[in-house]
Amino acid sequence: MRSRYRTAAVAAVAAMALSLMGTAAPAQAATGQVVVFSSEFQPLTIYTDPTGCHKLPIAAHSVNNQTDTAIKVYADPLCLIQEVATIRPGYGARVQPGTGSFRA
């Protein structure tokens with residue numbers, strides 16, 4: 001009898017853990033490139049298959065999203081404070097030179 005209760009308790013805990021974790025598959029990394037233009041005197045900064053948060057170059061003027069997912073641009077270098085734009089695949093946006101970041 002005791003073993004049956006233990007088995008039921010383990011099953012209940014496992015079911016609760018699965019419901020808390022959810023059943024959705026983890027997000028896939030973006031495939032493609034994010035291309036950043038800073039100035040005519042600097043080469044393009046290219047992030048291939050980006051995942052997570054990336055600090056933009058200090059002189060960044062535009063961000064072009066050539067990945068298969070939308071990216072979010074932030075005003076701070078850590079992708080924490082203020083989202084300033086969402087760039088869809090195949091589109092670009094101007095950004096303020098200075099500190100900033102994007103998350104793919």
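The OG1 atom of Thr99 lies 7.5 Å from the NZ atom of Lys55; values are rounded to the nearest 0.5 Å. With rounding to the nearest 0.5 angstrom, the OG1 atom of Thr86 is 9.0 Å from the CD1 atom of Ile71. Rounding to the nearest 0.5 angstrom, the gap separating the OH atom in Tyr74 from the CD1 atom in Ile81 is 11.5 Å. The distance from atom NZ of Lys72 to atom CD1 of Ile87, rounded to the nearest 0.5 Å, is 11.5 Å. Between Gln42 atom CD and Leu44 atom CG the span is 10.0 Å, to the nearest 0.5 Å.
Between the side chain of Asn65 and the backbone N or O of Gly92, no donor-acceptor pair lies under 3.5 Å.
Taking each heavy atom of Ala104 and Ala30 in turn, the nearest pair found is CB-CB, 4.1 Å. Across all their heavy atoms, Gln82 and Asp76 have their closest contact at N-OD1, 3.8 Å. Considering every non-hydrogen atom in both Leu78 and Arg103, the closest pair reads O-NH2, 4.3 Å. The two residues Pro57 and Thr45 make their nearest non-hydrogen contact at CG-OG1, 3.5 Å.
Counting heavy atoms from C-beta on, the side chains of Pro50 and Phe102 come closer than 4.5 Å. Looking only at side-chain heavy atoms (C-beta outward), Asp68 and Pro89 stay at 4.5 Å or farther from each other.
Note: His54 and Tyr47 have tilted aromatic rings, judged against thresholds of 30 and 60 degrees for the angle between ring planes.
Residue Gln96 places its CD atom among 12 or fewer non-hydrogen atoms of other residues, nucleotides or ligands, all under 6.0 Å distant.
Hydrophobic clustering (side-chain heavy atoms under 4.5 Å, transitive across Ile, Leu, Val, Met, Phe, Trp, Tyr) groups Val84 together with Leu56. Hydrophobic clustering keeps Val95 apart from Ile58 (ILVMFWY residues linked when any side-chain heavy atoms are closer than 4.5 Å, directly or through intermediates).
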